[in-house]
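Note: hydrogens, waters and symmetry copies are ignored here, and every other heavy atom, side chains too, is used. Here is how names work: the chains are called A, B, and so on, in the same order as the sequence lines, proteins then strands, and each is numbered from 1. Since the model is a prediction, treat every value here as computed from it, not as a measurement.
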Amino acid sequence: MSKENNSTESSPGNTNEYRERRIANMQALEKAGYAPFGTAFSRSDNIKGIREKYEEGLKVRAAGRIMTSRDMGKTIFADLRDGTGRIQLFVNKKQLGDDVFAAYKLLDLGDHIGVEGEMFITRTGEMSIRVDEWTLLSKALLQPPEKYHGLQDTEDRYRQRYFDLISNEESRDRFNKRIAIMREIRSYLESKGYVEVETPMLQPQPGGAAARPFMTHYNALNCTMYMRIAPELYLKRLLVGGFDKVFEMNRNFRNEGLDRTHNPEFTVLELYEAYGDRISMKNILEGMIAHVCDSVLGTKIVTYEGNEIDFTPPYKEVSYYDLLRGRMGDNWFDLSVDEARAAAEKAGVECDPEWDHLLITREIYDKLIERTLIQPTFVIRIPRQFIPLAKTCVDDPELADVFEFVVGGKELCPAYTEQNDPIAQRDAFANQAGDEIEKIDEDFITALECGMPPAGGMGLGIDRFVMMLTGADAIRDVILFPQLKPRNQ
RNA sequence: GGGACGUUAGCUCAGUCGGUAGAGCACGUGACUUUUAAUCACGGGGUCCUGGGUUCAAUCCCCAGACGUCCUACCA
């Protein structure tokens, strides 16, 4: 809305002529015996159901919001919409009688009404309800956005999502898909014996990832608490406690930047399977993605950022070292640090002079290689220093037994053969590479010392997954109420 | 954080090489008993994001700010 004087304000100096007119209509309706904000209305079905049960002459009761109106004089055609669909109303003066028809004319676009009438098909082939009776359910005091273009202003669409949802079908569809995707993930995992659990979002010490947390003060205990950056360490405690297959799909919070692909609160699926490993994670992920694509989209092929992506499993698997050699030459890992830096700079990758071979390698992967992996790909056997919570490969203690699942040039889902050795875990925390150092969670180490079963685990960024499956190019398009900078009052 | 661009009627957008603005939808009045982006006629509606500056005159030019979008850097 424009910017300062909008809808939510109703103070006398700020009303506009549209609102005043609607209030006048509301008062006239009230005088005619129509309560402007009605009570429950019993429907014979929702609009989708009514359409599906169509029969000529079938008597139905429907409720919804008036979206458009075509006034032909003695007959008015209107579109009524609820959460499931739209249907045309045929409102006729003779049918209703002069007074009821005159009252109907006091309705405005955006009002909610309930109607009763018989179904029929108009000459032009439009399924309709011939209204015998109607009742006012809720008067809208503000105009809905433009009926054809909808609400386009990106800022308004995020700040006033209700207007976006009222007027933009693509937006409604996208969020319905998000809901369906999450529902199908749950139902798939439950069918495989996983249980959904809840672990603390308010934590005395944030762990499970390297990220800046949100801090808050807990008055009752007079201590600092942190919004979780990941649920991982708690889910693993549950493995220790005897839950064999657990998952949690809920919010993480990170006190970091805000852009096209980052929102400070975002939804992640984390999943752990006792007695499993990286391979079991690969299997569950392939099965889950295929199920979600089929049940929600009806296809495994999606278009994302101009690329056609085929989610038909199995997905190809390639080792981190092979990717590096493929890009930088077979002798890449034999180069000295200086040679490696020179080669990286030559390839257009800027390197900090402090970096060792490992960090230069990571920069090359991040800057040159990851974005070229468009089709779903498991990148495996990654240097262990980057991944303190994973076990190393049985045949090579320098490599972590993990995969990074990359799609459309972006990392979508990391999965590990989880570290369950408390001594190795403590060492790994202490020896992390780069600047991503986590504080050691002593209670977590204690839990490991009780014996955590060997396990596979993974984390899937739900928002980005939904973006991919719905072709959205901003995370704000898949989060109902994304974070925006507050407006000054 | 750095850079580019944007902000005009309730909504979608034009526009003014500096002389306070237009269209479509919506709204109001009238016509119309099968329309569906209904149609036709007439009409009302604006702090041109905010604050400074230049100027006889600023919505337009300059400076600063707010918010947003895109690019770029960083975390997923």
Checklist entry - For the side chain of A:T124, counting heavy atoms from C-beta on, which of B:C67, B:U69, B:U34 is nearest? => result B:U34

Next on the checklist: To the nearest 0.5 Å, what is the distance between OG1 on A:T224 and CE on A:M215?
Outcome noted: 5.0 Å

Checklist entry - What nucleotide among B:U35, B:U69, B:C67 has an atom nearest to a side-chain atom of A:K485? => result B:C67

Next on the checklist: Say we look at B:C5 and B:G65: how far apart would their P atoms be, to the nearest angstrom?
Outcome noted: 16 Å

Checklist entry - Nearest-Å distance, CE (A:M458) to P (B:A76)? => result 17 Å

Checklist outcome for this item: Taken to the nearest 0.5 Å, the spacing of A:R157 CZ from A:N168 CG works out to 6.0 Å

Next on the checklist: What's the separation between atom CG in A:L107 and atom CG in A:N25, rounded to the nearest 0.5 Å?
Outcome noted: 8.5 Å

Item to check | A:F405 ring center within less than 6.0 Å of A:Y315 ring center | outcome: yes

Item to check | Rounded distance in Å between the C1' positions of B:C17 and B:U59 | outcome: 15 Å

Checklist entry - Quick one: does A:Q152 reach the base of B:U12 with a side-chain donor-acceptor pair under 3.5 Å? => result no

Checklist entry - So what does A:G459 hit on the nucleic acid, given a heavy-atom distance under 4.0 Å: a base, only sugar-phosphate, or nothing? => result nothing

Checklist entry - Considering only heavy atoms and no angle criterion, is a donor-acceptor pair shorter than 3.5 Å present between the side chain of A:N92 and the base of B:U33? => result yes

Checklist entry - NA contact type, A:K94, heavy-atom cut-off 4.0 Å: base, sugar-phosphate, or nothing? => result base

Item to check | Sugar-phosphate, base or nothing in reach of A:R159, heavy atoms under 4.0 Å | outcome: sugar-phosphate

Next on the checklist: Counting the atoms with a prime plus P, OP1 and OP2 as sugar-phosphate, which does A:D259 contact under 4.0 Å by heavy atoms, base, sugar-phosphate, or nothing?
Outcome noted: base

Item to check | Positions of residues 116-123 of chain A (non-hydrogen atom under 4.0 Å from RNA chain B), listed by number | outcome: A:F120, A:T122, A:R123

Next on the checklist: In this structure, how many angstroms lie between the P atom of B:C67 and the CG atom of A:L258, rounded?
Outcome noted: 12 Å

Checklist entry - For A:N263, which contact category applies under a 4.0 Å heavy-atom criterion: base, sugar-phosphate, or nothing? => result base

Checklist entry - Rounding to the closest angstrom, what is the interatomic distance between B:G46 and B:C13 at atom C1'? => result 15 Å

Checklist entry - Expressed in whole Å, how much space separates the C1' atoms belonging to B:C42 and B:C63? => result 47 Å

Item to check | Nucleotide paired to B:G28 in any strand shown, Watson-Crick or G-U, under 3.5 Å | outcome: B:C42

Item to check | Closest to side chain of A:Q143, choosing from B:G10, B:C67, B:C11 | outcome: B:G10

Item to check | Touch class at under 4.0 angstrom, heavy-atom based, for A:R464 against every strand present | outcome: base

Next on the checklist: Quick check: any donor-acceptor pair below 3.5 Å linking the side-chain of A:Q88 to the base of B:U35?
Outcome noted: yes

Item to check | Side chain proximity check, A:L297 to A:L469, heavy atoms < 4.5 angstrom | outcome: yes

Next on the checklist: Taking any heavy-atom pair under 4.0 Å as a contact, classify A:F90: base, sugar-phosphate, or nothing.
Outcome noted: base

Checklist entry - Whole Å only: how far is the NE2 atom of A:H262 from the C1' atom of B:A76? => result 5 Å

Checklist entry - How many Å lie between CD on A:E56 and C1' on B:U34, as a whole number? => result 14 Å

Is there any protein nitrogen or oxygen under 3.5 Å from a nitrogen or oxygen in nucleotides 43-45 of chain B, and what are the pairs?
from, atom 1, to, atom 2, distance (Å)
B:G44, N2, A:E17, OE2, 3.1
B:G44, N2, A:Y18, OH, 3.4
B:G45, O4', A:E17, OE2, 3.4
B:G45, O2', A:E17, OE2, 3.2

Checklist entry - Atom CZ of A:R212 to atom C1' of B:C74: distance rounded to whole Å? => result 9 Å

Checklist entry - From the list B:U36, B:C11, B:C67, which nucleotide is the closest neighbour of the side chain of A:E146? => result B:C11

Item to check | Inter-residue atom distance A:S319.OG - A:F403.CZ, 0.5 Å rounding | outcome: 15.5 Å

Checklist entry - Is it the case that A:R237 places NZ or CZ above or below the six-membered ring of A:Y234, under 6.0 angstrom from the centre and within 45 degrees of the axis? => result yes

Checklist entry - Centres of the A:W134 and A:Y34 rings: under 6.0 Å? => result yes

Item to check | Residue matched to B:C13 through Watson-Crick or wobble contacts both under 3.5 angstrom | outcome: B:G22

Next on the checklist: Does A:R251 have more than 12 heavy atoms from other residues, nucleotides or ligands lying within 6.0 Å of its CZ?
Outcome noted: no

Next on the checklist: Using a 4.0 Å heavy-atom cut-off, does A:N252 contact any base of the nucleic acid, only the sugar-phosphate backbone, or nothing at all?
Outcome noted: nothing

Next on the checklist: Quick check on the 6.0 Å ring-centre criterion: do A:Y272 and A:F247 meet it?
Outcome noted: no

Item to check | Contact check, side chains of A:V296 and A:K177, non-hydrogen atoms, under 4.5 Å | outcome: yes

Item to check | Pairwise P distance, B:C40 and B:A23 [rounded to whole Å] | outcome: 15 Å

Next on the checklist: Please report the distance separating the C1' of B:G2 from the corresponding atom of B:G10, rounded so that it comes out in whole Å.
Outcome noted: 37 Å

Item to check | Out of B:C75, B:C27, B:U35, whichever nucleotide has its closest atom nearest the side chain of A:L109 | outcome: B:C27

Next on the checklist: Whether the side chain of A:R86 engages the backbone of A:M67 through a donor-acceptor N/O pair (distance < 3.5 Å, no angle test) should be reported.
Outcome noted: no

Checklist entry - Whole Å only: how far is the CZ atom of A:R157 from the P atom of B:U12? => result 11 Å

Checklist entry - Given that both distances must come in under 3.5 Å, which nucleotide forms a Watson-Crick or G-U wobble pair with B:C60? => result none

Checklist outcome for this item: When rounded to the nearest 0.5 Å, the distance separating NZ of A:K48 from CD1 of A:I50 is 12.5 Å

Checklist entry - Among B:C67, B:A76, B:C75, which is the nearest nucleotide to the side chain of A:E155? => result B:C67

Item to check | Between B:C75 (P) and A:R228 (CZ): distance, integer Å | outcome: 22 Å

Checklist entry - With a 4.0 Å cut-off on heavy atoms, is A:I76 in touch with a base, just the backbone sugar-phosphate, or nothing at all? => result nothing

Item to check | P spacing across the pair B:G24 / B:U39, given as an integer number of angstrom | outcome: 11 Å

Checklist entry - Quick one: A:M468 CE to B:A76 C1', roughly how many Å, whole number? => result 12 Å

Checklist entry - How far, in whole Å, is B:G3 from B:A64 if one measures between their P atoms? => result 11 Å

Checklist entry - Now, which nucleotide makes the Watson-Crick or G-U wobble pair with B:G68, with each of the two distances under 3.5 Å? => result B:C5

